Amino acid sequence: MRVYNTLTKKKEDFVPLRENKVGMYVCGVTVYDYCHIGHARSILVFDMIYRYLKNKGYQVTYVRNFTDVDDKIINRANKEGVSSKEIAERYIEAFYQDVDTLGALRPDVEPKATEHIAEMIELIKRLEDKGIAYKAGEDVYYEVRKFPEYGKLSGRSLEEMMAGARIEVDEKKRDPLDFALWKASKPGEPWWESPWGKGRPGWHIECSAMSMKYLGESFDIHGGGMDLIFPHHENEIAQSEGATGKPFVKYWIHNGFVNINKEKMSKSLGNIILIRDILSRWDAEVLRLFLLKTHYRSPIDFSYDLMDSEKESLDRLYRTKEKVEDLLAKKTSASADEETQKVVESIKSLHNSFFEAMDDDFNTALAVGKFFEAAREFNRFVDRSGASEAQKALVAEAMDAFMKDVQDVFGILQKPASLWFAVPEDGLPLPKEEIEKLVAERAQARREKNFKKADEIRDYLKSKGIVLEDRPDGTTVWRLQG
RNA sequence: GGCGGCGUAGCCAAGUGGUAAGGCAGGGGACUGCAAAUCCCUCAUUCCCCGGUUCGAAUCCGGGCGCCGCCUCCA
C-alpha cells in the first residue's frame, strides 16, 4: 500500500512502526457550533481510511479528540451567558448525532482536552526544562528558533515566514512566530492551576499531549484537513519532537476542502452548509458516495444538483443489490458452467482491481468505478443470458463478495434493498391503500388487455410522483420518483 | 509579496511516458402491449494555449492564460 505523505510530499510505501499495528490520530472538532459539510468530509475521509486499514487486517488504534476549551467556545458561552462547559457538552452531543447518522465508526479513543490538562502541563514543563519554552508574564510560549526543523511540514523556512508575517507583534514574544503553550486566564474564562499560575492551554499542545498519551511518542498516521498543516500540525511537530527528540509521526495525511460554488465555505461568505441540513434531504450514503467519487486530497465542489445525480447512481447500485439478494435467497448448489465461470472470473478480477486502487493512496474514485463495472457485468448476465437461476446465483455470490468489501470500506449499500426503496408510511402523495388499489386495478386491466385504462392509471400515478415497474414475473412494484 | 495546488466530454471525475476508467445527463437500438428497470451502441482523434524533449506526452521541460488554497481562527 502506498500513501501520500504531506511531510515528504511523495507517495510512500506504508510500513507501520510496529508490525500489523497502526496508531492513527485525527484532529477532531472544536465544539462551539454545529458541524458543516467540511467537517463531514474530514470525518468521512478518515472513516474510510480507518475502515480500509481494518479491512486489510491491521490492528488500528484510532484516536480523535474534542477541543472543548478554546477562545471560540468562550466567546459563544459569554454571548449566551452560559458556561463553556455547557456549550461544549451541547455541541459534543450534536456532533455525535451527526457522525452517527453519517454512519462513521466510532474511534477507539475520543479524548477531551479538558480531561488532559495534567498531561499538557507535563509536556510544557519538559519543553521548559529543555529551554525551548519560556515564560513571559503569566503566559508560556514555544520558541520556534530553538527547533531547527520548524517549517518542515508546511515547506517554509522561518525566514520566509518572517518576511511575509502578517502576525501582529506581541510584546511578550521573543519572536512573532512563537506560539502560546499556556495562557493566563482572564476573568470569566475557564482555568486550571499550573506552575505558571491559573490559566488554560494553548490550542496546539492538546494534540501533542493526547496523541502521545494514547499512541506513544512516535506513531503512524496523523490526519486532518489541509488547513491544519500550518500552523497547527507544524506546531505539534515542534512541541512533540522538541520534547522527545524522537520522530513524532511517520505519515501525515490531509484531506482537501469542500467548496461551495468554487469558493471556500466560510462564516463571512455566509455559505455554510450543515451536516444536519444535508442529511434531512439525502441519505448519508448519498453523501458518502458523492465524497468517494473524488480523491480525498482534491478540492471538491458541493452542490445540490451533484447530490441529486449521486442519488441516481446509488439507486442503480441498490437495484443491482436487490437482484443479488433475490438470487442468493434461492441459491442452490450447482457447479459453474463455462459461461458462468467467465463472468465470475471477470467480477473477481474487478474485485481485485478495487483493492489495487485503494492500495494506491486510497483511490476511491477508481475503486468505485471498478464496482460499477462489476455491476454492469452482473446485470448483463442476470438480465440477458438464458442461464439458470442456479448459475445466476453463482455469479451473484461473486458480486456479493465484492459488495461486502464495498459496504465494509465505503459504508454504502449497507441497507437491504427493500429498506432503501421503502416508501415512507406518511408523506406519500396518495394514501398507500389508494396506490395499491390503483395498482391492482391496473393489473386487472392489463390482464383484460385494456391497455388504455392501464396506461391512464400509470400516467395518473406518475403525475403524483409514483413510478411503476412491471416485472417479468407479472408483478408490479411502485416507487417514489427521484 | 512568499509557498502550494488545479485546468480532462453538457456536468462530476480517474488516469503522471505507451495511445483517454467510471458516474450523471443526452441520442439510437434490444427487451416491453406501451413504459420503467436492465443491457448494447453512441457521446473527448483528444486532455487550457504556445513551444520543446521523446519512436511515442493528457502525463516530462520552458513560457503564457485562467481558477483556487495556505501564509491569521478554520475540516
Side-chain angles (χ1 to χ4, degrees), chain A residues 6 9 11 26-30 32 35-46 70-72 75 151 154-157 159-168 177 203 223-232 234 254-259 262-267 289-290 292-295 297-301 303 305-317 319-320 322-323 353 357 360 363-373 375-385 446 449-452 454-455 458-459 462 467-472 476-479 481:
Chain A
T6 308
K9 296 181 172 47
K11 279 189 206 174
V26 176
C27 287
V29 293
T30 300
Y32 74 107
C35 287
H36 53 65
I37 170 83
H39 296 112
R41 187 174 196 196
S42 179
I43 290 162
L44 291 176
V45 161
F46 290 100
D70 170 88
D71 289 345
K72 291 190 291 292
N75 289 343
S154 50
R156 31 190 129 205
S157 67
E159 287 61 39
E160 282 167 2
M161 287 189 272
M162 294 301 177
R166 297 195 311 214
I167 306 151
E168 56 187 279
L177 289 166
W203 173 37
M226 294 274 192
D227 54 333
L228 295 181
I229 294 171
F230 190 89
H232 187 53
E234 194 69 72
H254 294 95
N255 66 274
F257 261 60
V258 178
N259 297 135
K262 312 268 187 222
E263 279 181 313
K264 180 174 169 170
M265 201 168 31
S266 74
K267 297 238 156 158
L289 184 60
F290 169 74
L292 256 6
K293 287 177 77 168
T294 300
H295 187 89
R297 281 190 283 113
S298 304
I300 190 169
D301 205 40
S303 81
D305 286 348
L306 258 8
M307 286 289 285
D308 282 337
S309 76
E310 230 46 72
K311 165 72 164 58
E312 292 301 320
S313 296
L314 236 203
D315 279 347
R316 167 137 172 246
L317 294 180
R319 278 184 215 108
T320 299
E322 194 169 40
K323 281 185 267 188
S353 305
D360 184 15
N363 192 338
T364 56
L366 222 205
V368 166
K370 296 300 174 190
F371 188 66
F372 271 97
E373 286 185 64
R376 191 171 59 219
E377 289 274 339
F378 167 79
N379 285 324
R380 176 166 41 214
F381 185 77
V382 168
D383 293 346
R384 284 291 145 216
S385 77
R446 288 181 73 215
K449 304 272 185 235
N450 185 352
F451 296 121
K452 185 166 177 290
D455 290 349
R458 188 175 59 201
D459 291 345
K462 178 121 201 273
V467 184
L468 301 188
E469 184 177 329
D470 296 331
R471 296 297 178 79
T476 297
V477 296
W478 57 277
R479 287 172 180 155
Q481 198 161 35

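All figures in this text were calculated on a predicted structure; none of them were measured in a lab. Numbered from 1 within each chain, the chains take letters A, B, ... in sequence-line order. Because only heavy atoms are used, hydrogens play no part in the values below, and waters and symmetry mates are left out as well, while side chains stay in.
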Phosphate OP1/OP2 of B/rG23 contacted by A/Arg376 side-chain N/O (<4.0 Å) | yes
What integer distance in Å separates A/Leu314:CG from B/rC24:C1'?
-> 13 Å
For the pair A/Arg41 (side chain) and A/Phe257 (backbone), establish whether a donor and an acceptor sit closer than 3.5 Å, ignoring hydrogens and angles.
-> yes
With distance as the sole criterion, do the side chain of A/Arg458 and the base of B/rA35 form a donor-acceptor contact below 3.5 Å?
-> yes
Can you find a donor-acceptor pair, distance only, under 3.5 Å between A/Asp455 side chain and B/rG33 base?
-> yes
Counting any heavy atom closer than 4.0 Å, what does A/Arg41 reach on the DNA or RNA strands: base, sugar-phosphate only, or nothing?
-> nothing
Earlier contact from the 5' end, RNA chain B, for A/Ala454 and A/Arg156 = A/Ala454
For atom P, what is the distance between B/rA20 and B/rC24, given to the nearest Å?
-> 23 Å
From A/Arg319 atom CZ to A/Leu314 atom CG, the distance as rounded to the nearest 0.5 Å | 10.5 Å
Using a cut-off of 4.0 Å on non-hydrogen atoms, how would the nucleic acid contact of A/Arg479 be classed: base, sugar-phosphate, or nothing?
-> nothing
Is any side-chain nitrogen or oxygen of A/Arg297 closer than 4.0 Å to OP1 or OP2 of B/rG69?
-> no
Looking for any heavy atom pair under 4.0 Å, which part of the strands does A/Val258 touch: base, sugar-phosphate only, or nothing?
-> base
B/rU54 and B/rC3, which share atom name C1', separated by this distance in whole Å | 32 Å
For A/Thr294 and B/rG23, is the shortest distance between a side-chain N/O and OP1 or OP2 below 4.0 Å?
-> no
Among the nucleotides B/rC39, B/rC73, B/rU38, which one has an atom lying closest to any side-chain atom of A/Arg319?
-> B/rU38
Given atom CG of A/Asp301 and atom C1' of B/rC6, what is their separation to the nearest angstrom?
-> 13 Å
Rounded interatomic separation in angstrom, taking CG from A/Asp459 and C1' from B/rA35 = 9 Å
Looking only at side-chain atoms of A/Leu306, point me to the closest of B/rA14, B/rC11, B/rC39.
-> B/rC11
Remember a base hit wins even if backbone is also touched, and classify A/Gly38 as base, sugar-phosphate or nothing at under 4.0 Å, heavy atoms.
-> base
Would you find a donor on one side and an acceptor on the other, under 3.5 Å apart, between the side chain of A/Asn363 and the backbone of A/Leu366?
-> yes
Closest to the A/Val29 side chain, choosing from B/rA21, B/rA75, B/rG23 = B/rA75
Give none if B/rC34 has no partner; otherwise give the nucleotide forming a Watson-Crick or G-U wobble pair with it, both distances under 3.5 Å.
-> none
Mind checking the C1' distance from B/rA13 to B/rA25? Whole angstroms is fine.
-> 14 Å
Would you kindly give the CD-to-P distance between A/Glu234 and B/rC3, to the nearest whole Å?
-> 16 Å
With the side chain defined as heavy atoms from C-beta on, A/Lys72 is closest, among B/rA37, B/rC73, B/rA75, to B/rC73
For B/rA58 and B/rG7, measure between their C1' atoms and round to the nearest Å.
-> 11 Å
State which of B/rA75, B/rC73, B/rC39 makes the closest approach to the side chain of A/Pro231.
-> B/rC73
Is any N or O donor-acceptor pair between the side chain of A/Asp470 and the base of B/rC34 shorter than 3.5 Å?
-> yes
If pairing requires Watson-Crick or G-U wobble contacts with both distances under 3.5 Å, which nucleotide is the partner of B/rC43?
-> none
Which part of the nucleic acid, if any, lies within reach of A/Leu228 when heavy atoms closer than 4.0 Å are counted: base, sugar-phosphate only, or nothing?
-> sugar-phosphate
Respond yes when some side-chain nitrogen or oxygen of A/Lys264 is under 4.0 Å from OP1 or OP2 of B/rA75, and no when none is.
-> no
Which whole-number value in Å describes the distance from A/Lys293 NZ to B/rG23 C1'?
-> 3 Å
Is it the case that A/Thr476 and A/Asp470 place a side-chain donor and acceptor less than 3.5 Å from each other?
-> yes
Please determine, for B/rC6, whether a Watson-Crick or G-U wobble partner exists with both distances under 3.5 Å, and give it or none.
-> B/rG66
Of the candidate nucleotides B/rA75, B/rU38, B/rC24, which contains the atom at the shortest distance from the side chain of A/Lys323?
-> B/rU38
Mind checking A/His254 for me? I need base, sugar-phosphate or nothing, with any heavy atom below 4.0 Å counting as a touch.
-> nothing
Tell me which of A/Lys370 and A/Met226 sits closer to the 5' end of RNA chain B, going by the nucleotide each one is nearest to.
-> A/Lys370
Are the side chain of A/Glu234 and the backbone N or O of A/Gly151 linked by a donor-acceptor pair below 3.5 Å?
-> yes
B/rU42 to B/rG2 separation - P atoms, rounded to the nearest Å | 50 Å
Expressed in angstrom and rounded to an integer, what is the separation of A/Leu289 atom CG from B/rA13 atom P?
-> 13 Å
Any donor-acceptor N/O pair, A/Ser42 side chain to A/His39 backbone, under 3.5 Å = no
For A/Phe257, which contact category applies under a 4.0 Å heavy-atom criterion: base, sugar-phosphate, or nothing?
-> base
Opposite nucleotide pairing with B/rG1, Watson-Crick or G-U, both atom distances under 3.5 Å = B/rC71
Whole-Å C1' distance, B/rC31 and B/rG23 = 24 Å
Between B/rC70 (P) and A/Phe230 (CZ): distance, integer Å = 13 Å
Have a look at A/Phe372 and say if it touches a base, only the backbone sugar-phosphate, or nothing, with a 4.0 Å heavy-atom cut-off.
-> sugar-phosphate
Give one of base, sugar-phosphate or nothing for A/Lys9, where a contact means two heavy atoms less than 4.0 Å apart.
-> nothing
Does atom NZ of A/Lys9 have more than 12 heavy-atom neighbours from other groups under 6.0 Å away?
-> yes
Short side-chain N/O contact from A/Arg316 to OP1 or OP2 of B/rG23, under 4.0 Å | yes
Of the nucleotides B/rC71, B/rA36, B/rC24, which has the atom closest to the A/Glu469 side chain?
-> B/rA36
Span that lies between the C1' atom of B/rG17 and that of B/rG29, in whole angstrom | 39 Å
Rounded to the nearest 0.5 Å, how far does CZ of A/Arg316 lie from CZ of A/Arg376?
-> 7.5 Å
Is the phosphate of B/rA36, meaning OP1 or OP2, less than 4.0 Å from a side-chain N or O of A/Trp478?
-> no
Measuring from A/Leu292:CG to A/Glu310:CD, what's the distance to the nearest 0.5 Å?
-> 9.5 Å
Calculate the interatomic distance between A/Asn363 atom CG and B/rA14 atom P; express it in whole Å.
-> 8 Å
Please work out if A/Asn379 contacts a base, only the sugar-phosphate, or nothing of the nucleic acid, heavy-atom cut-off 4.0 Å.
-> sugar-phosphate
Watson-Crick/G-U partner (both atom distances under 3.5 Å) of B/rC60 | B/rG52
Hey, what do you get for CG (A/Asp301) to CG (A/Asn259), rounding to the nearest 0.5 Å?
-> 5.5 Å
Contact class for A/Ser303 vs. all strands (heavy atom < 4.0 Å): base, sugar-phosphate, or nothing?
-> nothing
Considering only atom P, compute the distance from B/rC67 to B/rU8 and round it to an integer number of Å.
-> 14 Å
Just call it for A/Asn259: base, sugar-phosphate, or nothing, with non-hydrogen atoms closer than 4.0 Å on any strand.
-> nothing
